[in-house]
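Since the structure comes first, as structure tokens, the remarks are kept for the end.
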Amino acid sequence: MQDTSFAIHPGNKQQIEGTNHHDIGNVRSFKKKEGRFVFECDNGTVNVLFYSDSVARVVMNQKQDPVLEGSFAVIKEPGYVDVSVQEKDEEVTLTAQEMSLHVLKAPMRITFKDSDGQIIVGEGKKGMGHSHEGKVICYKEALPYEHYYGFGEKTGFLDKKGEKMTMWNTDVYAPHNPETDALYQSIPFFLTLRGGRAHGLFFDNTGKTHFNMRTEAGTYSFSGDSGQMDYYVMAGPGMKEVLSQYTSLTGTMPLPPKWALGFHQSRYSYETEEEVRELVGNFLEKSIPVDAIYLDIHYMDGYRVFTFDEDRFPNAKQLVADLKEQGIRLVPIVDPGVKEDPEYEAYQEGVHDDRFCKYIEGNVYYGDVWPGNSAFPDFTSDSVQKWWGGKHKFYSDLGIEGIWNDMNEPAVFNETKTMDTKVMHDNNGNPKTHRELHNIYGLKMGEATYEGMKNNLEGKRTFLLTRAGYAGVQRYASVWTGDNRSFWEHLQLALPMCMNLGMSGVPFCGPDVGGFAHDANGQLLARWTQFGTFTPYFRNHSAIGTLRQEPWSFGEDVEANVKKYIDLRYIWMPHLYKLFRDASLTGLPVMRPLVFEYPEDKNTFNLSDQFMIGDNVIVAPITTPDTEHRVVYLPGGEWVNYWTDDIQEGGRHIMVEAPLDTLPIFVKADTVVAHGSPKQSTAVKEDNFQLHAYFGKIAEASYTIYEDDGETFGYENGEAFEKSVNLSYDSDVLTITTEDLNTRFTPDWSEITIVIHGAFDVTEAALNGRNVEMEKLDGGKLVITVSR
Ligand code: MIG
């Protein structure tokens, strides 16, 4: 009935939000207890804990003492933080180095301030509260000029001001549109930008949660249908600091194997071994790079996970080996549903060893998914984690190194689209209902899979792709944005969605290139592939029954266009790999909105149709049909058109020409990007490492090269190559200085080709104090080759 006008029947009165809850009331007592601060209030107990000088946690429980253990997202322990306490009649002040909490007593209201005494975020008329039904809510003061980013995987524009959002992992096949709310991922974290200053807020609640950023009344709120009010405030002061603080709590992405960064080809489904071999043959024959091919649900025997259908795939091991010879990995899909079949090993083991989700009464929960009636592993138990991870030996023994997790919201074919919320999760002996833990099912499946594969691969990095997740999912998996469609609107939608995932701690993300459902067309595929070149995750995928969408599916012109951009991905690979390495250390996203770099520039606040790669490259895809021009915003400074070397003065919008085979790209003047060469896959050795420096007014630029073997964890023991290169020029002399920072890994390439763009007057060059030869090309380009 929701799809007809019946949905707005006058009899359907909705409860007005916030009218039915009790305020936390007054503080009755305050004490310090074992490193935390305890406030007993009229309507609940509040604990405050510090995780660092700039991260504090507030937990409110209306029924019992706040539960501080057992977060699924946070892997950091509260730190020893020097906090000075001041108690007055009306207020308690807790002061750490970078942040202080001012707790008004009657009623309890918390204001967070920075070390200058400026308000980070405060509360006003309303603060924390709870309702009879066990809902918890918190209101914060909102200022008219602030902006919100993050919230994981949401449709709509970049800035979430004015939005109302729900977190409840949901399989949404219906076309995603601006009012599609809950999707596959739930990341209840956001950054607030307030007049150039930023702070973060993470609401760690694994049930259904709501964010109301419709701030007209001067407040925003976040609430949970179950669980505690449990949130962290990160003091910033910049957006980058906030993300580092958030990922210091929830973890950063491990450095993926390099092949995971290549171009991936998928289809629901490549159904037989022959089809896969033919597909690979096409890529090789056409010299289109590819690093991974996906096997969707048809590879299995009756959709039983940990099996291959032996008619369709008579020799999976040989297939995997032959593909690997060509530098291509096979990535099979693994869904959580285990077919109810007493003659099937995974089901037998699951029942026998009590691995499945059950009702409190002890009966196994069954839901209908691809294999029919199925049971669902209870990933909240460590023993199930081990069992499931170990089962992946089936794949690793075949030579498989990467896994694709789907349907792990979990999705079930029924009215509610998921598991019965009454199901009980074991949670290592601390049982909780599915209602309370729904949003972590995908995260915990990802953990089991990642850890299992990592263990099985004995020192090789694994790759996991997941559809569902919760805060912290970045520790295990990359995320694709689910079932989009081959609509231009969905290409547009993917930009802010991926940028906000990046600002939610998930740097490794991307949409299905070309669109999953609906028929693609050549122009859309070409433009979408251009965008995909610069999304951290780059996979072409399409649904059963839709037009084929492989690079050659729409004629030669489109094929050449698509190939140009897949090649470009490999040209940019050394730079992207370095940005992934940085992201794995700092938590800062590879793909980021301009506001992340230019938080003082109002033109960037809601800029949703262009993005940055790292801190110096702007990419402005074409996202509408038959369009060969677009406006690009360039922030203050000088920007170099990547294709023409033209220098543009920033701080303005410019009109850019973008014929069908052109993706507008701008590099910030006086910065460097690293390039390699196009190749069939990342398995092919790189023998043409280049640094491109774009000189502007400052005439100075630097870069730190990062390389490692791309497939083992050796880098964790320092087996990497790092070298800094500094370039500057003064009137007509170019000075290059290099420094080896780490040479414990030896790259495939032995020379670095330095290409300087915009060095018109240079007549001489010196490398570490000695004259070097240089080659002058047209257009102010200069080429110098230095040894590694
Ligand atoms: O449509 O496994 O989002 O990528 O191809 C339901 C089949 C199941 C949903 C995934 C999609 C995948 C498909 N799956």
Side-chain angles (χ1 to χ4, degrees), residues 153 155 169-176 180 182-185 264-272 275-276 279 292-309 312-313 330-339 367-372 374 376 402-414 417-419 441-442 445-446 449 463-469 473 477-487 490 493-494 497-498 501 509-520 528 532 535 537-550:
E153 188 184 48
T155 60
N169 289 2
T170 310
D171 169 12
V172 183
Y173 179 72
H176 305 169
T180 305
L183 279 167
Y184 318 88
Q185 297 275 332
H264 294 190
Q265 180 66 51
S266 185
R267 171 87 179 169
Y268 170 28
S269 297
Y270 297 123
E271 294 190 18
T272 62
E275 202 181 348
V276 172
L279 175 79
I293 305 286
Y294 285 62
L295 295 184
D296 208 321
I297 53 175
H298 288 89
Y299 80 85
M300 291 176 274
D301 171 17
Y303 309 117
R304 289 170 185 82
V305 287
F306 313 115
T307 68
F308 263 92
D309 177 320
R312 294 164 186 264
F313 290 88
L330 209 56
V331 178
I333 198 168
V334 177
D335 291 354
V338 175
K339 185 178 176 69
D368 185 27
V369 273
W370 299 125
S374 301
F376 294 80
I403 299 288
W404 170 21
N405 280 171
D406 186 24
M407 305 287 279
N408 52 346
E409 293 72 27
V412 181
F413 303 146
N414 64 24
K417 299 173 129 199
T418 194
M419 184 178 285
Y441 194 82
M445 180 182 184
T449 308
F463 163 73
L464 175 63
L465 174 69
T466 186
R467 194 168 73 172
V473 65
S478 58
V479 167
W480 99 102
T481 58
D483 293 343
N484 62 4
R485 301 203 169 191
S486 300
F487 297 164
H490 280 191
L493 190 84
M497 193 181 272
C498 292
L501 271 165
C509 62
D512 282 342
V513 167
F516 176 66
H518 201 76
D519 287 336
W528 209 320
T535 52
Y537 179 61
F538 186 17
R539 180 183 73 155
N540 175 320
H541 181 47
S542 56
I544 197 163
T546 63
L547 281 186
R548 303 298 299 208
Q549 204 168 284
E550 290 79 11

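Every number for a ligand or one of its atoms is a count from 1 in the order of the listing. We're numbering straight along the sequence, starting at 1.
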Short list, please: which atoms of ligand 1 are under 4.0 Å from a heavy atom of [X]?
X: Phe516; answer: 4 (O), 5 (O), 11 (C), 12 (C)
X: Ile333; answer: 2 (O)
X: Met407; answer: 8 (C)
X: Ile297; answer: 2 (O)
X: Trp480; answer: 3 (O), 4 (O), 10 (C)
X: Tyr268; answer: 5 (O), 7 (C)

To check your reading of the model: name the closest protein heavy atom to [atom], its residue, and the distance in Å.
atom: atom 6 (C) of ligand 1; value: Trp370 CZ2, 3.3 Å
atom: atom 4 (O) of ligand 1; value: His541 NE2, 2.9 Å
atom: atom 14 (N) of ligand 1; value: Asp406 OD2, 2.7 Å

Query raised in the report: Contact between Tyr303 and ligand 1, counting heavy atoms under 4.0 Å?
Result: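 Flag not set, Tyr303 not near ligand 1.
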Query - Close approach, Tyr173 and ligand 1, non-hydrogen under 4.0 angstrom - result: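 Under 4.0 Å: no for Tyr173.
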May I ask you to decide if [Y]'s main-chain N or O and [X]'s side chain share a donor-acceptor pair within less than 3.5 Å?
X: Asn405; Y: Val334; answer: yes
X: Arg304; Y: Asp301; answer: yes
X: Thr466; Y: Val479; answer: no
X: Asp512; Y: Gly515; answer: no

Mind checking whether [X] and [Y] have ring centres under 6.0 Å apart?
X: Tyr299; Y: Phe313; value: no
X: His490; Y: Phe516; value: no
X: Phe538; Y: His264; value: no

Requested in this report: Could you verify whether a donor N or O on one side chain and an acceptor N or O on the other, from Ser542 and Arg267, lie under 3.5 Å apart?
Outcome: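 Yes, side-chain donor-acceptor contact under 3.5 Å.
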Geometric N/O contact [X] with ligand 1, under 3.5 angstrom:
X: Asp483; result: yes
X: Asp296; result: yes
X: Trp404; result: no

Query raised in the report: For Leu465 and Tyr294, which heavy atoms make the closest approach, and how far apart are they?
Result: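 Here Leu465 and Tyr294 meet closest at CD2-CE2, 4.0 Å.
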